[in-house]
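Report on the following structure.
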Amino acid sequence: MSLISKDFRLHKQREEEHGHARLRWALVAIACAGIGAVIASTNTEETRQSAEIAAKSLPEFTAITKSTEELARESFSLSLPELQAQQKIIDEKNARDPDISPKQWREFTVKSGDNLARLFKRADIKPQQLDELMKSGDAVKKLRRIFPKDTIRVLSDSAGVLQALRYDIDQKSYLLVEREQGVLVAKTYNHKIETRQTHASAVIDSSLFLAGEKAGISDNIIMELANIFGWDIDFALDIRKGDNFTVLFEELYRDGEKISDGKILAADFVNDGKIFRAVRYTDPHTNNSEYYTPDGKSMRKAFIRSPVHFSRISSGFNLKRKHPILLNKRPHRGVDYAAKRGTPIFAAGDGKVIFKGKKGGYGKVMILQHGTKYTTLYAHLKTYNRKLRTGSRVKQGQTIAYVGSSGLATGPHLHYEFRVNGVHRNPLTVRLPESNPVPKRHMANFDLMTAPVIAQLDLVVTRPQQVALTND
Ligand SMILES: [Zn+2]
């Protein structure tokens, strides 16, 4: 069950990210009523520029809701030693200038509906300083897109004159505005991002996600792991108690502090006594990275085993099944995946929509053609992806429709059929064609690049004693 809910959450989050990207116009930081009066007394060139800036920014004074990006940003902040080092540099600089009395950095959090003018007011910085700040260089444009909960750090003197301002743009860079010989200068600085390798192992008791959580592995790594092995292992049906995995992956560090997980380099997954292994390899020509078996076969298949993520199989392929509604004997020539109404359904492989419409007891149906041999059918749909019509091309993994209970269905589920040359085959057991292996001309390079990673994986693989392994 936890698999399902977690997956929903991840999907939802992805949708939200898209939604918020559209709202990125966001909060603009400059101009306020106070500026106008000041501008009037300055020269005409400045007046024109300021007026332009003000005009551009005025309609965008709206507060925005919190996005995942902001949440991510909230989770990290400047380390204290780093801030202190910065403080020291500025203090020393200020100490050289007798007019400026050294002050402490102060931290302000952007509020909903806020802008830089209001923030300056809270910080007792003169409003005309804002105008000067906005002319301190191109880098300062980043301040036009500040979000509620963002942190802005300022250093100002007792006369309300801004001496320095600091703003974290993202995990990799920050904006620093400093007064140099009386003039504010804005620059963007990059943090040093360092990649380190690490590994983790876990034994599965009930679900992959729970095991990962228990072992302290991030959801991202677990999702990635499921994506890599999802072609061979159905994480809804195939997981057995005692299944285990070891994963070798990168961690990204910023100035000595971990900021996120990176890529999976190699992984070992034992499912029902069978060992699966994957290693990441980057094609030296295209620079594309893919996961392969240690002998260079693609981990990806031409088809995804199950077209809905982590759902529960409510009825398998059975040629002698009694129909749950009609109660007569009717072969079940597909697999039923019970899932929440509205769960996205993915195209099992690259192909073309050859049917979209109602088909009796199947309700709303979509049929995809993949090459000349294969067709897949998706039934009891709630709705289709509105962009798709008969003849539309689809990519593997693309959302084609949503789970429903149209037609003769006892509850929301996806009825999925897989046909080879027109003959129904069990989607759970049919031999799926593989996608391209490492090209022959790259095999030497593949061996060279992956051998050390696989050797390292061998070193860290831990398997529970009670699991007897076979190599086939
Ligand atoms: Zn069915």
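Note: hydrogens, waters and symmetry copies are ignored here, and every other heavy atom, side chains too, is used.
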V177 and Y167, any side-chain heavy atoms less than 4.5 Å apart: no
Considering all heavy atoms, the nearest V460-S201 contact: O-OG, 4.0 Å
OG1-CZ distance between T399 and F346, expressed to the nearest 0.5 angstrom: 5.0 Å
Side chains of V365 and L381 in contact at under 4.5 Å (non-hydrogen atoms): no
Cationic N near anionic O, under 4.0 Å, R393 to D350: no
D124 side, atom CG; S158 side, atom OG - distance, nearest 0.5 Å: 11.0 Å
N/O donor-acceptor pair under 3.5 Å between R300 side chain and E290 backbone: no
Whether over 12 other heavy atoms sit under 6.0 Å from N436 CG: no
Straight-line distance of I152 CD1 to D168 CG, nearest 0.5 Å: 10.0 Å
Residues N271 and D243: side-chain donor-acceptor under 3.5 angstrom: yes
Within residues 185-197 or reaching into it, pairs that qualify as salt bridge (charged side-chain N to carboxylate O under 4.0 Å, His left out) - sequence neighbours excluded: E194-R196
Those residues that, when tested against H199, pass ring pair (Phe, Tyr, Trp, His ring centres under 6.0 Å) (two or more places apart): none
Atom pair CG (L265) and OG (S289), whose distance is rounded to the nearest 0.5 Å: 10.0 Å
Value rounded to 0.5 Å, distance of CZ in F229 from CZ in F269: 7.5 Å
Y416 ring center within less than 6.0 Å of Y378 ring center: yes
Derivation of the side-chain contact (heavy atoms from CB on, under 4.5 Å) call for V353 and R389: CA-CA 7 Å; V353 178; R389 330 213 163 284; over 6 Å; no
Parallel, tilted or perpendicular: ring planes of F303 versus H370, cut at 30 and 60 degrees: perpendicular
Parallel, tilted or perpendicular, as decided by the 30° and 60° cut-offs, for the rings of Y174 and Y189: parallel
Verdict with reasoning, K142 to D170, per salt bridge (Lys or Arg N to Asp or Glu O under 4.0 Å): CA-CA 11 Å; K142 287 285 175 208; D170 52 34; over 6 Å; no
Y281 side chain to N445 side chain, donor-acceptor N/O pair below 3.5 angstrom: yes
Any donor-acceptor N or O pair under 3.5 Å, side chains D295, T293: yes
K121 atom NZ, neighbour heavy-atom count above 12 within 6.0 Å: no
R277 vs L457 side-chain heavy atoms within contact, under 4.5 Å: yes
Modelled atom types, side-chain donor and acceptor of T188 and S173, under 3.5 Å: no
K301 atom NZ, neighbour heavy-atom count above 12 within 6.0 Å: yes
Q369 CD to K352 NZ distance, which is reported to the nearest 0.5 Å: 7.0 Å
Salt bridge flag under 4.0 Å for residues R179 and E132: yes
Residues R122, D114: salt bridge by 4.0 Å N-O rule: yes
